[in-house]
J.: 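Just dropping this structure here.
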Amino acid sequence: MATLRRLQEAPRHLLVCEKSNFGHDKSRHKHLVETHYHNYRVSFLIPECGLLSKKLKDLVMEMGPYYSVKKLPLHELITHEFINTFVKKGSLSALTYNTSIDEDNTVALLPNVISIDLMDLSLNLDSKKYRRISWSFKEKKPLKFDFLLAWHHTGTEESTMMSYFSKYQIREHQPKVALSTVRDLQCPVLQSSSLAGEPEEACNALEFFDWLGAVFCNADLNNEPHNFISTYCCPQPNTVAAQACLCTITGFVLPEKILVLLEQLCHYFDEPKLAPWVTLTVQGFADSPVAWREKEHGFHKGGEHLYNFVVFNNQDYWLQMAVGANDDCPP
């Protein structure tokens, strides 16, 4: 009976909210983006915007590429050639797909550290430690996985990944981009200095987070009595944006690309705009074994781990980080 009661309970969720300014020396926005490695969806919302600037649209279209490789032996990720070609020359992330972290073996490669530190291993590729790990992966337990891989580097070697894994089934992918214009959007009124909101003057961070989720789900926000699907309504106080631009990018998106997009959204207010704020939301793969840094990630009843920036026109920002039932508090 105790087990049945636990299954019927709503899963625990954690939401951490903080505020800062992009110009502050101790602002940690860059570190937080860089250490959330496995991202499958990036969305941004710009009120009072009907058409993206060419610079922003070009940036959206340059979020790839990433690659899928089928039945890749795990030992391939620790060979001398792989480490010298990718690990030492850039930032590479990899994640098994079509695997469930609570049921299957799952592998993730981080740009800096995993259970096996490839950067440390690369210092002595002839060591006893390296030989034993290689033997374990290649002979004792020759595991194979379907992988997603993405590589950030400063050179022009875009075709290296395709040629390096040419003996396996490898495909290059570009993230899918969906652009839409939302008309007459009710938007919460916010005060950048107050996460808790002000009675009758501004909404709080939790109200805004719920509202943003409803917008991304294309839910009705008017709480009409005949609507049996959603009774949600926009929190008070609110204003109506005549139009808002909503963009969603889906694929395997590297933190380095997201950071460039965030910086560009910060520059959105370099010229006067009607919008008081813009948002950038990043969702991680539900079956990634880690969330931020090396923090273990679990699935339980949902594998969510995500963060959201609310960027204000004075360069203040709110940072909202959410994780599911099995995760520690976000960093």
Side-chain angles (χ1 to χ4, degrees), residues 33-43 59-79 81-116 118 137-138 141-178 247-261 282-291 297 299 303-306:
V33 172
E34 290 175 337
T35 54
H36 193 266
Y37 302 115
H38 303 119
N39 311 292
Y40 89 94
R41 181 167 293 166
V42 180
S43 306
L59 186 59
V60 166
M61 297 302 174
E62 295 171 358
M63 299 297 280
Y66 66 99
Y67 306 86
S68 60
V69 185
K70 290 190 174 182
K71 297 180 179 179
L72 180 66
L74 189 55
H75 70 82
E76 286 281 13
L77 301 184
I78 62 165
T79 63
E81 186 179 1
F82 178 84
I83 291 174
N84 290 329
T85 303
F86 298 108
V87 177
K88 289 184 175 181
K89 293 183 179 179
S91 173
L92 187 137
S93 291
L95 181 68
T96 51
Y97 70 102
N98 295 329
T99 56
S100 300
I101 53 175
D102 51 350
E103 297 175 355
D104 307 314
N105 290 323
T106 305
V107 177
L109 180 64
L110 312 183
N112 56 350
V113 177
I114 197 168
S115 296
I116 300 168
L118 295 185
F137 285 173
K138 197 170 184 178
K141 195 71 173 177
L143 297 173
K144 294 183 179 181
F145 297 94
D146 294 344
F147 274 98
L148 295 177
L149 302 103
W151 186 38
H152 176 76
H153 55 94
T154 55
T156 57
E157 307 166 59
E158 290 293 346
S159 62
T160 301
M161 191 75 70
M162 292 291 292
S163 58
Y164 185 88
F165 292 111
S166 59
K167 62 182 178 181
Y168 299 101
Q169 296 181 55
I170 181 170
R171 290 181 58 195
E172 181 176 315
H173 305 269
Q174 292 293 335
K176 295 179 181 179
V177 177
C247 178
T248 299
I249 306 158
T250 306
F252 189 12
V253 186
L254 286 169
E256 290 84 359
K257 303 280 188 177
I258 296 171
L259 190 58
V260 173
L261 179 57
V282 179
Q283 295 171 265
F285 282 90
D287 287 298
S288 171
V290 295
H297 171 61
F299 192 92
E304 62 272 12
H305 57 109
L306 62 135

J.: Check whether any side-chain heavy atom of His153 sits under 4.5 Å from a side-chain heavy atom of Lys89, and report yes or no.
T.: no

J.: Which atom pair, heavy atoms only, marks the closest approach of Tyr66 to Pro175?
T.: CE2-N, 3.9 Å

J.: Between Phe165 and Tyr67, is the ring centre distance below 6.0 Å?
T.: no

J.: Which value, rounded to the nearest 0.5 Å, describes the distance between His38 atom NE2 and Asp287 atom CG?
T.: 12.0 Å

J.: Decide side chain to side chain donor-acceptor pair (under 3.5 Å) for Ser163 and Ser166; before the verdict, give the C-alpha distance in whole Å, the side-chain angles of both, and the deciding distance to 0.1 Å.
T.: CA-CA 5 Å; Ser163 58; Ser166 59; over 6 Å; no

J.: Taking the side chain as every heavy atom from C-beta outward, state whether Met161 and Leu92 have any atom pair closer than 4.5 Å.
T.: yes

J.: Between Val60 and Cys247, is there a side-chain heavy-atom distance shorter than 4.5 Å?
T.: yes

J.: Do Met162 and Glu172 have side chains that get closer than 4.5 Å, going by heavy atoms?
T.: yes

J.: Could you measure the distance from the CG atom of Asn39 to the OG atom of Ser288? Nearest 0.5 Å is fine.
T.: 9.0 Å

J.: I want to check something: taking the side chain as every heavy atom from C-beta on, are Asp146 and Ser68 in contact at a cut-off of under 4.5 Å?
T.: no

J.: Looking at every heavy atom in both Lys144 and Lys71, which two are closest together, and how far apart are they?
T.: CD-O, 4.0 Å

J.: Compare every heavy atom of Pro65 with every heavy atom of Gln174, then report the nearest pair and how far apart it is.
T.: NE2-CB, 3.5 Å

J.: Side-chain contact, heavy-atom cut-off 4.5 Å: Thr160 with Phe86?
T.: yes

J.: Is Arg41 close to Ile249 at the side-chain level, that is, under 4.5 Å between some pair of heavy atoms?
T.: no

J.: Hey, could you give me the CD1/CG distance between Ile83 and Leu77, rounded to the nearest 0.5 Å?
T.: 9.5 Å

J.: Side-chain contact test, heavy atoms from C-beta onward, threshold under 4.5 Å: evaluate it for Tyr40 versus Thr250 and give yes or no.
T.: yes

J.: Only one of Thr79, Thr85, Asn84, Ile78 forms a side chain to side chain contact (heavy atoms under 4.5 Å, CB included) with Phe82, so which one is it?
T.: Thr79

J.: Go through Lys70 and Phe147 one step at a time and tell me if the side-chain contact (heavy atoms from CB on, under 4.5 Å) criterion holds.
T.: CA-CA 6 Å; Lys70 290 190 174 182; Phe147 274 98; over 6 Å; no

J.: Going from CZ on Phe145 to CG on Leu72, what distance comes out if it is rounded to the nearest 0.5 angstrom?
T.: 10.0 Å

J.: Is the Phe252-Phe285 ring centre distance short of 6.0 angstrom?
T.: yes

J.: If you take all heavy atoms of Gln283 and His36, which pair is closest and at what distance?
T.: C-CE1, 4.4 Å

